[in-house]
Amino acid sequence: MKNYRYLISDQYQAKSIAEDLRIQLEVNRFNNVNITPVTMRNEVIVQVPDASSLSLETAVNSFMESYQTGVILE
């Protein structure tokens, strides 16, 4: 699994962004993604399988682009 930690801008709340991302991925039929909000640090952890398609990672990155202040790949 690849872990992406998205550092969320202070004007947004991690829990709300995580729920919106979950809905967006369900609409696009990406069901094998774990999304965890970390409210104390205002970040969202997104776990994607190593064998995931490039379109899944592109969808996540595109969605998170306007909400994040940074991203850490673990």
Side-chain angles (χ1 to χ4, degrees):
M1 297 286 271
K2 292 180 187 175
N3 293 321
Y4 292 93
R5 288 178 48 207
Y6 290 96
L7 310 175
I8 305 300
S9 175
D10 290 337
Q11 59 188 348
Y12 303 106
Q13 294 185 7
K15 186 174 180 178
S16 175
I17 299 301
E19 287 298 319
D20 292 346
L21 176 59
R22 186 173 291 117
I23 291 168
Q24 180 66 38
L25 293 178
E26 286 176 4
V27 166
N28 289 316
R29 297 191 175 135
F30 294 122
N31 299 320
N32 54 348
V33 179
N34 295 321
I35 303 167
T36 306
V38 181
T39 55
M40 291 177 56
R41 293 189 305 234
N42 203 31
E43 58 185 47
V44 176
I45 299 173
V46 180
Q47 294 179 314
V48 297
D50 286 330
S52 66
S53 67
L54 183 58
S55 60
L56 169 58
E57 292 184 34
T58 301
V60 172
N61 288 327
S62 294
F63 180 87
M64 295 301 291
E65 187 174 326
S66 60
Y67 302 111
Q68 70 179 354
T69 59
V71 63
I72 301 169
L73 175 62
E74 296 179 332

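FYI, the numbering just counts along the sequence from 1.
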Undergrad: Would you compute the distance between atom CE of M1 and atom CG of D50 and round it to the nearest 0.5 angstrom?
TA: 8.0 Å
Undergrad: Is I23 reachable from M64 through a run of I, L, V, M, F, W or Y residues, each pair having side-chain heavy atoms under 4.5 Å apart?
TA: no
Undergrad: Sorted by first residue and then second, give each ring-ring contact (aromatic ring centres under 6.0 Å, His included) pair with at least one member in residues 23-57; sequence neighbours left out.
TA: none
Undergrad: Return the set of residues passing side chain to side chain donor-acceptor pair (under 3.5 Å) with D20 (not counting sequence neighbours), or none when no residue passes.
TA: none
Undergrad: Under 4.5 Å between side-chain heavy atoms, hopping through other hydrophobics if needed: is there a path connecting V33 to L73?
TA: yes
Undergrad: Using the salt bridge (Lys or Arg N to Asp or Glu O under 4.0 Å) criterion, which residues pair with E57? Sequence neighbours excluded.
TA: K2
Undergrad: I'd like to check the side-chain contact (heavy atoms from CB on, under 4.5 Å) partners of Q24; sequence neighbours left out, ordered by chain and number.
TA: N28, F63
Undergrad: Kindly give the cluster partners of V38, where membership spreads through any ILVMFWY side chain lying under 4.5 Å from a current member.
TA: I45
Undergrad: Could you name each residue pair satisfying side chain to side chain donor-acceptor pair (under 3.5 Å) that touches residues 63-72, not counting sequence neighbours?
TA: none
Undergrad: May I have all residue pairs that pass ring-ring contact (aromatic ring centres under 6.0 Å, His included) and include part of residues 33-55, sequence neighbours excluded?
TA: none
Undergrad: Nearest 0.5 Å please: distance from the CG atom of L21 over to the CG atom of L25.
TA: 4.5 Å
Undergrad: Distance-only criterion, 3.5 Å: show the donor-acceptor pairs between side-chain atoms of residues 5-14 and protein atoms not counting sequence neighbours.
TA:
residue, atom, partner, partner atom, Å
R5, NE, E43, OE2, 2.9
R5, NH1, E74, OE2, 3.2
R5, NH2, E43, OE1, 3.3
R5, NH2, E43, OE2, 3.3
Y6, OH, N61, OD1, 2.4

Undergrad: In chain order, what residues pass the side chain to side chain donor-acceptor pair (under 3.5 Å) check against E19, with sequence neighbours excluded?
TA: R22
Undergrad: By side-chain contact (heavy atoms from CB on, under 4.5 Å), which residues pair with T58, not counting sequence neighbours?
TA: L54, S62
